[in-house]
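Computed from a predicted structure; not experimentally measured.
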Amino acid sequence: MSFELPSSASFAGFPSIRRSRGFRLYTPEGRRFLDLYQDAGRGMLGSRPKGLALRFKNSLDKLGPAAMPSIWERRAARLLNSFFPDYPQVSVFPSYPEAMKALEARLGPDSAPFRDPLDAGCGTDELSEIDGPCIWRPFLPVPPTDVLLPVLPGTGTWGGVFVLSRKSLDLIQAPVPSFLLAPQVYAAGLFFRWISEADLDYYKSFPRGPWERRGPYLFPRCAKEAYPGLVQELLSCGIYPSPDYHLPSIIPGSYEEGDIKSLRNWEGKWKSVR
C-alpha cells in the first residue's frame, strides 16, 4: 500500500462530484453518496472541518503563497510531539515524494517506501515485524519503528507531510507555504482532540456489508477481479467506496440511518461473498 493517492484511472466508473459536506458527496444531478473513501484517510474529519476555510484565508492574507520557513513548522512540531512523545524529531515536507527523496539521501534507497501497517493483513495487530520507516494510520497502534509518517486528516497531501523520528536524521527539509501548513496544523489539532474524546467504538454499528473490518477500516472480501463490480453495487446503494482494491474504505465519523438504508438491504447478498 502506498501513502500516495490512487491514480485517476482508479476512479473509472465513479460519478463526478460537485460539492461535499461532512461525509456526504453530491453530484451535479443531485445524487448523494456517503463518503467511505475519505481521501485515503485524509478526510476522516469530513470534507470541510469547521474553521478550516477561515484558516486558509487568514494565512493567505497574512503571509501570501510563498514557500518559506515560518512559525508553523515549530507549531506543527509541538503538536506532533504532544501526540507522539517517542518521536521528538519532526521534519516537514511539501509532499510525499519530497519526504522520500530526503530520506533516501540520508538513509539510502532501502528506506523507501514507507511500510503500511494495513498491509500486515486484516484483523491482526502484529506490528513488531515492521522494520524501517512506517506509516501510522488513525485508530491503529503506533508501530515500533524509528521513522514514522502519520496520515493526518486535514488538507490532503498538499498541506504538508510530516516525518517523525526518534533521533535527529538531519534531513534537508523543503518549506511548505504557510497558507497550506497553518490549516493542516489546525486540522490535526482538531483531529487529535476528537480521537482523545470520542467513543472509539463508533464504527461497530456500521453494517458489515461486503467487507472485513479492522477498526474503522473496511477490506473487501471479494477477489480483486470482482472489485470493480462491487464498487458499482456500492455506488448504487449511495456508498462512495475506496477506488483501489488494496486501499480500504473507511467508516465515516458520522452518518444517519438513511445514509446506509440501501446498504443494509444488500447485506443478505454480501454475506456469501468471499
Side-chain angles (χ1 to χ4, degrees), residues 1 5-8 10-53 118 122 137-140 151-157 187 190-191 194-195 197-222 226-271 273:
M1 196 174 298
L5 297 174
S7 67
S8 58
S10 301
F11 289 92
F14 278 71
S16 297
I17 300 301
R18 180 181 182 183
R19 63 185 181 92
S20 61
R21 183 176 182 180
F23 294 98
R24 296 179 179 88
L25 308 173
Y26 300 85
T27 70
E29 299 75 29
R31 291 188 66 195
R32 186 177 77 181
F33 295 88
L34 186 64
D35 183 13
L36 271 62
Y37 169 50
Q38 295 171 45
D39 198 22
R42 300 165 186 84
M44 291 183 77
L45 281 173
S47 60
R48 291 179 292 163
K50 184 177 180 180
L52 189 64
L118 292 180
C122 176
R137 291 188 180 274
F139 302 104
L140 296 183
V151 176
L152 296 178
T155 58
T157 55
L190 287 180
F191 184 69
W194 175 54
I195 62 177
E197 299 170 357
D199 177 3
L200 299 188
D201 289 339
Y202 74 91
Y203 52 81
K204 290 185 176 179
S205 61
F206 196 80
R208 285 282 175 181
W211 302 287
E212 297 290 345
R213 181 185 300 165
R214 184 182 180 200
Y217 300 99
L218 302 172
F219 297 80
R221 294 200 305 264
C222 67
Y227 190 63
L230 176 60
V231 165
Q232 293 307 309
E233 291 181 357
L234 290 167
L235 290 170
S236 72
C237 293
I239 301 296
Y240 196 99
S242 168
D244 190 321
Y245 177 79
H246 297 289
L247 186 69
S249 296
I250 306 171
I251 297 173
S254 65
Y255 57 89
E256 298 176 357
E257 188 61 29
D259 295 320
I260 57 174
K261 181 178 179 180
S262 295
L263 185 63
R264 290 198 190 279
N265 292 339
W266 279 69
E267 276 202 287
K269 172 185 176 180
W270 285 326
K271 284 181 181 179
V273 175

Just do the side-chain contact (heavy atoms from CB on, under 4.5 Å) check on L25 and Y37 with the steps written out, would you? CA-CA 11 Å; L25 308 173; Y37 169 50; over 6 Å; no

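- Atom CZ in F23 sits 7.0 Å away from atom CG in L45 (nearest 0.5 Å).
- Here the CG atom belonging to L190 is positioned 12.0 Å from the CG atom belonging to L152, to the nearest 0.5 angstrom.
- Taken from CZ in R221 to CZ in R213, the straight-line distance is 10.5 Å, to the nearest 0.5 Å.
- Between Y240 and L235 the shortest side-chain heavy-atom distance falls below 4.5 Å.
- Looking at heavy atoms from C-beta onward, F14 lies in side-chain contact with P241 at the 4.5 angstrom threshold.
- Proximity of P243 to Y227: side-chain heavy atoms (C-beta onward) are nowhere separated by under 4.5 Å.
- When all heavy atoms of T27 and P15 are compared, the closest pair comes out as CG2-CB, 3.9 Å.
- Minimum interatomic distance between R21 and S47 (heavy atoms only, all atoms of both residues): N-OG, 3.5 Å.
- The OH atom of Y203 sits 11.0 Å away from atom CG of L218, with the distance rounded to the nearest 0.5 Å.
- The side-chain tip of R19 points at the ring of Y26 from less than 6.0 angstrom away and within 45° of straight on.
- Separating the CD atom in E257 from the OG atom in S205 is a distance of 8.5 Å, to the nearest 0.5 Å.
- Between R42 and V151, the closest heavy-atom pair is CG-CG1, 4.1 Å.
- Counting only heavy atoms from C-beta outward, the side chains of M44 and R137 never approach each other to under 4.5 Å.
- Atom CZ of R18 is surrounded by 12 or fewer heavy atoms from other residues, nucleotides or ligands within 6.0 Å.
- Between F139 and W194, the ring planes lie perpendicular to each other; the angle is over 60°, past the 30° to 60° tilted range.
- Considering every non-hydrogen atom in both Q38 and I250, the closest pair reads NE2-O, 2.7 Å.
- For the atom pair CZ of F33 and OG of S236, the computed distance is 9.0 Å after rounding to the nearest 0.5 Å.
- With a 4.5 Å cut-off on side-chain heavy atoms, D35 and S20 do not count as touching.
- Contact check for I239 versus D259: no side-chain heavy atoms found under the 4.5 Å cut-off.
- Considering all non-hydrogen atoms of both residues, S242 and S249 come closest at N-OG, 3.0 Å.
- Contact record, L247 with A40: CD2-CB, 3.6 Å, taken as the closest heavy-atom pair.
- Counting heavy atoms from C-beta outward, L234 and W211 have side chains that approach closer than 4.5 Å.
- In this structure, the side chains of Y255 and F206 come closer than 4.5 Å at one or more pairs of heavy atoms.
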